[in-house]
**Q** 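Sharing a structure below in structure tokens format, with a few things to ask.
Quick caveat, the model's predicted, so the values are computed rather than measured.
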There are 2 protein chains.
Amino acid sequence: MLTIGKLGEAAGVKVPTIRYYEQIGLLPEPERSAGNQRLYGDSALDRLAFIRHARELGFPLDAIRDLLSLSDEPDQSCAAADVIAKKQLTAVKARIARLTALKAELERMIAQCAQGTVADCRVIEVLSDHSHCAQDHRTSGAAE
Amino acid sequence: MLTIGKLGEAAGVKVPTIRYYEQIGLLPEPERSAGNQRLYGDSALDRLAFIRHARELGFPLDAIRDLLSLSDEPDQSCAAADVIAKKQLTAVKARIARLTALKAELERMIAQCAQGTVADCRVIEVLSDHSHCAQDHRTSGAAE
DNA sequence: CTTGAAGCTATAGCTACTAGAGACCTTACA
DNA sequence: TGTAAGGTCTCTAGTAGCTATAGCTTCAAG
């Protein structure tokens, strides 16, 4: 049996975050010790690790909730989980594309920024001029 | 003179967001019409475009505030702006690396997810197992 | 048996917006 | 000149996903 601190350490999740996940119903209420402290078994660790990795993959908590409900009822079709994963993959690809363009923009900004005064510095100028925009700059509004 | 709606359209920023930026002091209070509606000149458009692009580049509002204060006093050294941009570049690079690893993970998940029941589906298994983690998975905690 | 770390609840705060209510202004057209 | 549509006004509250604080209790080591 793990205390909340040990569980958090094992899963790489901060203690208040675990309590938050319990509060919003992502984690079930655990057993308590005689002194009212939470005690977790291995299944809680698995579940929390699942949540953590899904968060790192960019899944919103609602999607994670869906995925967990699938695993809680394992006779359902896999198609639903597959749909969620594919949707996330699309979003991840879009983010990579956008960040790559932004990286180029930042690099150009830094290259143009001589070590003079701000008056000579193009960082600000570059950022206020639309004509410098990278292509995908306007097709954004995605889940950030 | 632009109304707030035209300004938002020109800069690609929603109207409530402009009012929000004014509220937190990123934009100065503009002139008003006889009927108390905001009226903006070109300098407001430049400033808002700057903010928008900086946001898209991933700068937090605090960093943008710093950059704006630099451009408001253009005799200062450019070094500060350069430092901010470089810091952002590092963060952007890290995010790209992480997302690329995550993309591979999702692709493998989808490939492994046969169209059977969840019991056969490895989506959840992959996500709860640390040993499947990509390398940089643990070096995160970055600005998301 | 004491001390210090870890845990408890509850509430408030954070970033960067977004949405809604209900009133007012502006403009285009008849 | 009237009116109707749609833009704008202020204000408040809500969103996601946590994080921080206060003030208390419990646990484990020495």
**Q** Does A:S33 put a side-chain nitrogen or oxygen below 4.0 Å from OP1 or OP2 of C:dG7?
**A**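 For C:dG7, neither OP1 nor OP2 has a side-chain N or O of A:S33 closer than 4.0 Å.
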**Q** On the nucleotide D:dG17, are OP1 or OP2 found under 4.0 Å from the side-chain N or O atoms that A:Y21 carries?
**A**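 Checking A:Y21 against D:dG17: no side-chain N or O falls below 4.0 Å of OP1 or OP2.
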**Q** Need one value for A:R19: base, sugar-phosphate or nothing, where a base atom within 4.0 Å counts as base even if backbone is also close, heavy atoms only.
**A**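 Contact class for A:R19: base.
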**Q** In whole Å, what is the span from the CD atom of A:Q23 to the C1' atom of D:dA20?
**A** 14 Å
**Q** Is there a side-chain contact between B:R32 and the phosphate of D:dT10, meaning an N or O under 4.0 Å from OP1 or OP2?
**A**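 For B:R32, the contact criterion (side-chain N or O under 4.0 Å from OP1 or OP2 of D:dT10) is met.
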**Q** Could you tell me whether the side chain of A:E56 reaches within less than 4.5 Å of the side chain of A:H53, counting heavy atoms only?
**A**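 Yes, close enough: below the 4.5 Å cut-off.
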**Q** Starting at CG of B:D62 and ending at P of C:dC17, how long is that distance when rounded to a whole Å?
**A**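 So the two atoms are 12 Å apart, to the nearest Å.
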**Q** With rounding to the nearest 0.5 Å, note down the distance linking NZ in B:K103 to CD1 in B:I96.
**A**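 Taking NZ in B:K103 and CD1 in B:I96, the distance rounds to 12.5 Å.
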**Q** Nearest 0.5 Å, please: how far is CE in B:M1 from CG in B:D42?
**A** 9.0 Å
**Q** Closest approach to the side chain of A:R55, judged atom by atom: which nucleotide of C:dG7, C:dT18, D:dG17 is it?
**A** D:dG17
**Q** So which one's nearest nucleotide on DNA chain D is more toward 5', A:T17 or A:N36?
**A** A:T17
**Q** Tell me whether the side-chain N/O atoms of B:R38 come closer than 4.0 Å to OP1 or OP2 in D:dT10.
**A** yes
**Q** Does a side-chain N or O from B:T3 land closer than 4.0 Å to OP1 or OP2 of D:dT8, or not?
**A** yes
**Q** Within the 4.5 Å heavy-atom criterion, are B:L2 and B:R38 side-chain neighbours or not?
**A** no
**Q** May I have the distance from B:I4 (atom CD1) to D:dT10 (atom C1'), rounded to whole angstrom?
**A** 12 Å
**Q** Considering only D:dG17, D:dT19, C:dT18, which nucleotide approaches the side chain of B:P16 most closely?
**A** C:dT18
**Q** By nearest nucleotide on DNA chain C, pick out whichever of B:Y20 and B:Q37 is the more 5' one.
**A** B:Y20
